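A short worksheet on the structure shown next.
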Amino acid sequence: MFRFLCTTIRNGYSATPHNPSLIRYNFSSDADNPHSFTLLYLTKTCGLSPKSALSASKIVQFESPEQPDSVLSSFQNFGFSKTHISEMIRKFPQILHCHPEKTISPKLEFFLSIGASTPDTVRIFTLNPWILRRSLEDRMIRTFNILIEIFQSKDKAIEVIKRNARVLNKNPEAGLIPNINTLRENGVSSSSILWLIRKHWLSIELNPVKFEKIVEEVKEMGFSPLKMQFVVATSILTGMSKSKRDKKVEVYKRWSWSDKDILTAFKKYPYTMAISEDKLNDVMDFYVNKLGFESSVFVNYPVLLLFSLKKRLIPRGVVI
């Protein structure tokens, strides 16, 4: 029965996103009104929606198209599509004030020089255009060299940046280096650390003192630093306040779980502590009051608590 509940039913679909076009327009009639000119440029040339353009116009202003045109040309010549450029401007309007030769091109070329492909570089900057405001020498190159030293591999360092370019937004001494050292000192493998950086970047950026306390707590719970579950549990607890955790514990106890049951389930599947209180109550109610299970059953099958009630559990419950 549990295998049936766990079975995934796949239903393929496809969707075609709307791709805004960067179209050249004559702006001469708006030259006497910079705000109007900026709005028109952002919508007609950059492809932003009126709402996004209005928001961006509060941050950037133009009196002529020369500067923003040079930025668009720089990205287009590198291989960015119209959709990529529009997305970057929507996220980071200040990009239109960047100097193409001093700020944009050197950073794009840096990614190519370390081994990232053009599509990878386009993806990195589209997802994280804010890294353009970071220093090439003091932040990007320095952080990349630190990652190489940490993982003893240029390829892994590139993979980290490709997966999560936000690593370039932070000072590595503020969280990344001390927290990685804490994990290493406790015997956590490079592959587990790499997973944590890729999947839960905010965890590795936590205040080092708090991070070290959580790592110690995870060890005291009985997690082995040699296994992936160690960093999974660490990522869950670093992303949750103590008060929030206490509320989840209260919900489990309301369904007759003991402290030992909660710890057992957490060690089997750490994401049980990431479930919202409302969902936990709804799922437990379904299992216990609708299907007639004892709540204690799910101490040994905690993954069943994470499934969607409407999409998976109720349809299968009807069949059962």
Side-chain angles (χ1 to χ4, degrees), residues 1-11 183 186-189 191-200 202-204 206 211-320:
M1 182 181 297
F2 291 143
R3 184 176 298 175
F4 174 71
L5 290 170
C6 288
T7 302
T8 299
I9 299 176
R10 300 187 181 279
N11 181 22
L183 292 172
N186 282 280
V188 178
S189 67
S191 60
S192 293
I193 296 174
L194 184 61
W195 178 89
L196 188 62
I197 293 175
R198 288 189 297 183
K199 299 292 185 180
H200 297 277
L202 293 179
S203 296
I204 206 72
L206 191 69
F211 186 83
E212 186 174 4
K213 288 182 179 179
I214 290 175
V215 168
E216 286 300 318
E217 182 180 4
V218 172
K219 283 178 62 179
E220 291 173 1
M221 288 180 178
F223 285 89
S224 170
L226 301 178
K227 297 182 178 180
M228 181 64 73
Q229 291 291 68
F230 187 91
V231 291
V232 175
T234 299
S235 71
I236 298 298
L237 297 185
T238 53
M240 187 184 309
S241 66
K242 186 179 183 302
S243 60
K244 190 70 173 177
R245 197 195 315 182
D246 289 342
K247 289 180 180 179
K248 295 179 189 293
V249 169
E250 288 176 9
V251 174
Y252 280 115
K253 288 186 173 181
R254 204 175 301 150
W255 289 99
S256 303
W257 281 26
S258 65
D259 287 331
K260 182 179 179 181
D261 291 335
I262 297 171
L263 179 58
T264 298
F266 182 60
K267 289 175 68 176
K268 283 180 175 289
Y269 200 72
Y271 289 106
T272 52
M273 197 56 70
I275 309 172
S276 71
E277 295 96 301
D278 288 341
K279 179 177 180 178
L280 181 56
N281 272 317
D282 290 342
V283 172
M284 278 292 202
D285 177 69
F286 174 77
Y287 282 135
V288 175
N289 297 326
K290 301 296 191 302
L291 296 185
F293 289 112
E294 293 291 333
S295 64
S296 58
V297 169
F298 300 97
V299 172
N300 293 315
Y301 298 95
V303 66
L304 293 173
L305 299 176
L306 277 79
F307 293 152
S308 170
L309 194 61
K310 293 182 179 180
K311 294 180 180 180
R312 177 171 293 197
L313 299 184
I314 291 178
R316 286 160 175 73
V318 170
V319 175
I320 292 173

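Note that the structure is a prediction, hence the values are computed from the model and not measured.
- How far OG1 of Thr272 is from NZ of Lys267: 12.5 Å, rounded to the nearest 0.5 Å.
- Considering only heavy atoms from C-beta on, Asn281 comes within 4.5 Å of Arg254 through its side chain.
- Taking every heavy atom of both residues into account, Lys279 and Leu305 meet most closely at CE-O, 3.9 Å.
- Of all heavy-atom pairs spanning Leu196 and Phe211, the tightest one is CD2-CZ, 4.4 Å.
- Taken to the nearest 0.5 Å, the CZ atom of Arg245 stands 4.5 Å off from the CG atom of Leu237.
- A salt bridge does not link Lys242 with Glu217: every distance from a Lys NZ or Arg NE/NH1/NH2 to an Asp or Glu carboxylate oxygen is 4.0 Å or more.
- The closest side-chain heavy-atom distance from Val297 to Tyr287 is not below 4.5 Å.
- Side-chain atoms of Phe298 and Val283, non-hydrogen and from C-beta on, never get closer than 4.5 Å to each other.
- Taking CZ from Phe286 and CG from Leu309, the interatomic distance works out to 6.5 Å, rounded to the nearest 0.5 Å.
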Verdict with reasoning, Thr238 to Leu202, per side-chain contact (heavy atoms from CB on, under 4.5 Å): CA-CA 8 Å; Thr238 53; Leu202 293 179; over 6 Å; no
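- In this structure, the separation between CD1 on Ile236 and OG on Ser203 is 8.0 Å, given to the nearest 0.5 Å.
- How far CD1 of Ile214 is from CE of Met240: 10.0 Å, rounded to the nearest 0.5 Å.
- In plain terms, the two heavy atoms of Ser295 and Trp257 that are nearest each other are O-NE1, 3.0 Å.
- In this structure the side chain of Leu263 never reaches within 4.5 angstrom of the side chain of Asp259, judged on heavy atoms.
- In this structure, Phe223 has its ring center under 6.0 Å from that of Phe266.
- Side-chain contact check for Val215 versus Val188: every heavy-atom pair is 4.5 Å or farther apart.
- Rounded to the nearest 0.5 Å, atoms CD1 (Ile314) and CG (Leu291) are 9.5 Å apart.
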Side-chain donor/acceptor pairs under 3.5 Å, residues 225-235, sequence neighbours excluded:
residue : atom : partner : partner atom : Å
Gln229  : NE2  : Lys268  : O            : 3.2
Thr234  : OG1  : Phe230  : O            : 2.8
Ser235  : OG   : Val232  : O            : 2.7

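- In plain terms, the two heavy atoms of Asn289 and Trp255 that are nearest each other are ND2-CH2, 4.0 Å.
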Residues Asp246, Ser243; criterion side chain to side chain donor-acceptor pair (under 3.5 Å); working and verdict: CA-CA 5 Å; Asp246 289 342; Ser243 60; over 6 Å; no
Leu280 vs Lys248, side-chain contact (heavy atoms from CB on, under 4.5 Å): CA-CA, chis, key distance, verdict: CA-CA 9 Å; Leu280 181 56; Lys248 295 179 189 293; 5.5 Å; no
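- Counting only residues at least two apart or in different chains, salt bridge (charged side-chain N to carboxylate O under 4.0 Å, His left out) contacts with residues 281-297 comprise Asp285-Lys290.
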